[in-house]
Amino acid sequence: SKSAGKNRITLYDATLDAERLRKTDIEDGIRKGLENDEFDVVYQPIVEARSGVISSVEALVRWPRRPEGAMMPDQFIDVAECSGLIHPLGQFVLRKACLDLGAVPGLRLSVNLSPAQFRDPELEAKVAKTLEETGFPVERLELEVTEGYLIENPARAVAAIANLKALGLSMALDDFGTGYSSIGYLRRYAFDKIKIDKSLAGTVDRDPQAAALVAGTVAIAQALHISVTAEGVETEDHVRLLKLAGCQYLQGFYYSRPKPLAEVLAWCKDTTET
Ligand code: C2E
Ligand code: CA
Ligand code: CA
Ligand code: CA
């Protein structure tokens, strides 16, 4: 009816307003949060499948000291990306992680790089400066990037990835198997690693198609001399099937949730001593 249509339009507008308000609030919050030291970095172990030894950790941002209550990255990274605040936020995470992990010999470090950070022409220079200032060994650093901006500006993405690799670090294609990520990217961009998304890797026990896609991805990666990490490893079945499919690295709650630095260091100490 006519009145139902009218109501629907009103509701639609209200939702848009609320969404705009949410974004402005969060944007202000991130800006203040960066000034007031409200952000932290936690670390999730990534295990070498064959040996079970922890080979690296992924740095993940947290916002525990937000005055209105803690918020997870899925709720604010997109706002940071749209507002440009991803540049200082990303820089904060990289610096903190390099400082935290620099003194742990042998352990590699993965840091998420939002594709929106490629918009910053100074990105490569800033990464180089952070490595220099923190003394973190560049060959132990990996940056994980999702495919978004690879579509937005492929020429800049190709250049940025080449420049970053020239510094001596390695590059991973994150969230493979979702969105637009395609085999074409593996040819165009010089990635060293693929991270198979948990929506795919975490369903190999239930979905034969997912299992086939993981095995196919591993085969393609092997042909291109790219290594593969499976995300979302939650059960012993996942471990068994993903190892069988040929994934070299495994990451997920089965091994550990993301944890504060002190707990990860204790965990590393335990696994190397026993
Ligand atoms: P991501 O890069 O794919 O990170 C993996 C996410 O999966 C993390 O969520 C992690 O806690 C979660 N996870 C790990 N193992 C399992 C598992 O076994 N099962 C399930 N269900 N989940 C698992 P988190 O920390 O909430 O981060 C979500 C996303 O936010 C990240 O996805 C990444 O895209 C983004 N993000 C987090 N920290 C940063 C950052 O410092 N910079 C940027 N640019 N993005 C970040
Ligand atoms: Ca990641
Ligand atoms: Ca991922
Ligand atoms: Ca993700």
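First listed ligand is number 1; within each ligand, the first listed atom is number 1. Numbers here simply count residues along the sequence, with the first being 1. Atom set for the values below is all heavy atoms of this structure, side chains included, hydrogens, waters and symmetry mates excluded.
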Is [X] in contact with ligand 1, taking contact as a heavy-atom separation below 4.0 Å?
| X | value |
| --- | --- |
| Gln251 | no |
| Glu81 | no |
| Gly232 | yes |
| Lys195 | no |

| task | Name the orientation class of the two ring planes belonging to Phe39 and Trp63 (parallel below 30°, tilted from 30 to 60°, perpendicular beyond 60°). | result |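 Parallel, since the angle between the ring planes stays under 30°.
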Does an N or O from [X], backbone or side chain, lie closer than 3.5 Å to an N or O of ligand 1?
| X | value |
| --- | --- |
| Arg62 | yes |
| Asp174 | yes |
| Val61 | yes |
| Phe253 | yes |

| Would Glu142 and Ser170 count as a side chain to side chain donor-acceptor pair (under 3.5 Å) if you check the C-alpha gap in whole Å, the side-chain angles of each, and the deciding distance to 0.1 Å? | CA-CA 5 Å; Glu142 184 160 85; Ser170 62; 3.0 Å; yes
Looking only at N, O or S atoms, which one in [X] sits nearest to the Ca ion (ligand 2)?
| X | value |
| --- | --- |
| Asp174 | OD2 |
| Glu144 | OE1 |
| Glu58 | OE2 |

| said: Under a 3.5 Å distance rule, please check whether Arg156 uses its side chain to pair with a backbone N or O of Asp120 as donor and acceptor. | reply: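 Yes.
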| task | Check for a donor-acceptor pair, side chain of Ser256 on one end and backbone N or O of Gly252 on the other, with a separation under 3.5 Å. | result |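 No; zero donor-acceptor contacts below 3.5 Å.
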Between [X] and [Y], is any pair of side-chain heavy atoms under 4.5 Å apart?
| X | Y | answer |
| --- | --- | --- |
| Leu169 | Glu139 | no |
| Ser110 | Val57 | no |
| Val214 | Val228 | no |

| task | With heavy atoms under 4.0 Å as the rule, classify the contact between Leu60 and ligand 1 as side chain, backbone, both or neither. | result |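 For Leu60, the contact with ligand 1 is made by both the backbone and the side chain.
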| said: With a heavy-atom distance limit of 4.0 Å, tell me whether Arg257 approaches ligand 1 through its side chain, its backbone, both, or neither. | reply: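 No part of Arg257 comes within reach of ligand 1.
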Identify, by atom number and element, the atoms of ligand 1 in contact range of [X], meaning under 4.0 Å from any of its heavy atoms.
| X | answer |
| --- | --- |
| Pro258 | 11 (O) |
| Glu231 | 3 (O) |
| Glu58 | 2 (O), 4 (O) |
| Glu234 | 17 (C), 18 (O), 19 (N), 20 (C), 21 (N) |
| Ser114 | 44 (N) |
| Gln44 | 14 (C), 15 (N) |
| Val93 | 41 (O) |
| Met72 | 26 (O) |

| request: For the pair Tyr43 and Lys259, evaluate side chain to side chain contact (heavy atoms under 4.5 Å, CB included) and give the outcome as yes or no after the intermediate values. | output: CA-CA 5 Å; Tyr43 301 94; Lys259 285 181 172 161; over 6 Å; no
Lys/Arg N to Asp/Glu carboxylate O, [X] vs [Y], below 4.0 Å:
| X | Y | value |
| --- | --- | --- |
| Asp40 | Lys96 | no |
| Arg31 | Glu27 | yes |
| Arg95 | Glu133 | yes |
| Asp28 | Lys32 | no |
| Glu236 | Arg240 | no |

| query | So between Val233, Asp175, Ile77, Thr146, whose heavy atom ends up nearest atom 45 (N) of ligand 1? | reply |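 It is Ile77 that holds the nearest heavy atom.
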| task | Nearest heavy atom to atom 33 (C) of ligand 1 wins, so pick from Asn112, Leu89, Asp78. | result |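 Heavy atom nearest to atom 33 (C) of ligand 1 belongs to Asn112.
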| Heteroatom of Asp175 nearest to the Ca ion (ligand 3) (N, O or S, atom name) |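 Answer by atom name: OD1.
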| message | Nearest N/O/S atom of Glu231 with respect to the Ca ion (ligand 3), by atom name, please. | response |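 Within Glu231, restricted to N, O or S, the Ca ion (ligand 3) is closest to atom OE2.
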| Thr146 near the Ca ion (ligand 2) via N/O/S, less than 3.0 Å |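 Not a single backbone or side-chain N, O or S atom of Thr146 is under 3.0 Å from the Ca ion (ligand 2).
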| query | What do the steps show when you test Arg140 against Ser56 for side chain to side chain donor-acceptor pair (under 3.5 Å), and what is the final call? | reply | CA-CA 9 Å; Arg140 280 205 263 138; Ser56 62; over 6 Å; no
| task | Would you mind listing every salt bridge (charged side-chain N to carboxylate O under 4.0 Å, His left out) that reaches into residues 77-91, with sequence neighbours excluded? | result |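 Only Arg22-Asp78 qualify under salt bridge (charged side-chain N to carboxylate O under 4.0 Å, His left out).
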| request: Would you list the pairs meeting salt bridge (charged side-chain N to carboxylate O under 4.0 Å, His left out) in which at least one residue belongs to residues 49-60, sequence neighbours left out? | output: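 As it turns out, the salt bridge (charged side-chain N to carboxylate O under 4.0 Å, His left out) pairs with a partner in residues 49-60, which skip direct neighbours, are Glu58-Lys195.
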| request: Give a yes/no answer: is there an N/O/S atom of Asp197 under 3.0 Å from the Ca ion (ligand 3)? | output: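 Within the cut-off used here (under 3.0 Å), Asp197 places no N, O or S atom near the Ca ion (ligand 3).
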